[in-house]
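Structure first, then comments.
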Amino acid sequence: MPKYYDEKEEDGRACAGVREDFKACLMEHDCVVKEGKMPSECLKEGHCKALQTSFFECKRSMIDTRSRFRGRKGY
């Protein structure tokens, strides 16, 4: 589900790919587009749950001392 663009700025932050896909999922979801709700409200309803979990795992792997050997999760 990652999106790749030819003319995209390089984001050097950790978990940038997961962050971008998570944001796109929320902003393009019917909950936000058609119903006009805030993205935080749609998260509470359970939309884009898989990407939310992936983003959480990626951020958590940054502070996990075992990740020094395994590498960060995410893309």
Side-chain angles (χ1 to χ4, degrees):
M1 188 159 156
K3 297 180 179 179
Y4 299 99
Y5 302 104
D6 294 331
E7 300 173 5
K8 188 179 110 177
E9 299 175 5
E10 186 65 31
D11 190 2
R13 295 184 293 183
C15 310
V18 180
R19 174 181 290 136
E20 182 180 329
D21 290 341
F22 182 45
K23 180 180 174 183
C25 176
L26 279 177
M27 297 309 287
E28 296 171 1
H29 203 276
D30 290 340
C31 179
V32 174
V33 176
K34 292 183 179 175
E35 298 175 21
K37 294 183 181 179
M38 296 292 293
S40 57
E41 294 173 353
C42 295
L43 276 178
K44 292 177 184 173
E45 294 176 6
H47 302 292
C48 302
K49 195 67 174 175
L51 282 172
Q52 182 182 14
T53 305
S54 296
F55 185 61
F56 169 76
E57 289 291 330
C58 182
K59 295 298 271 187
R60 185 173 69 174
S61 72
M62 290 172 55
I63 60 172
D64 186 11
T65 57
R66 294 175 294 176
S67 67
R68 291 182 297 170
F69 303 107
R70 296 179 186 165
R72 278 198 312 257
K73 294 182 180 179
Y75 46 91

Exercise for review: Measure the spacing between NZ of K23 and SG of C48 and express it to the nearest 0.5 Å.
Suggested key: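 Going from the NZ atom of K23 to the SG atom of C48 covers 13.5 Å.
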
Check your understanding: Hey, what do you get for CD (E57) to SG (C15), rounding to the nearest 0.5 Å?
Key ->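 Those atoms lie 10.5 Å apart.
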
Exercise for review: Only counting residues at least two apart or in another chain, list the ones meeting side chain to side chain contact (heavy atoms under 4.5 Å, CB included) with K37.
Suggested key: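 Here the qualifying residues are C31, E35, E41, C42, E45.
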
Review point. F22, V32: one ILVMFWY side-chain cluster at the under-4.5 Å cut-off?
Key: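 Result: no, two separate clusters.
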
Exercise for review: Considering non-hydrogen atoms only, spot the tightest contact between V18 and L51 and give its length.
Suggested key: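 Shortest heavy-atom contact: CG1-O, 4.1 Å.
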
Practice item. Kindly indicate whether the side chain of Q52, heavy atoms from C-beta on, has any atom under 4.5 Å from the side chain of F56. Key: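 No, side chains not in contact.
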
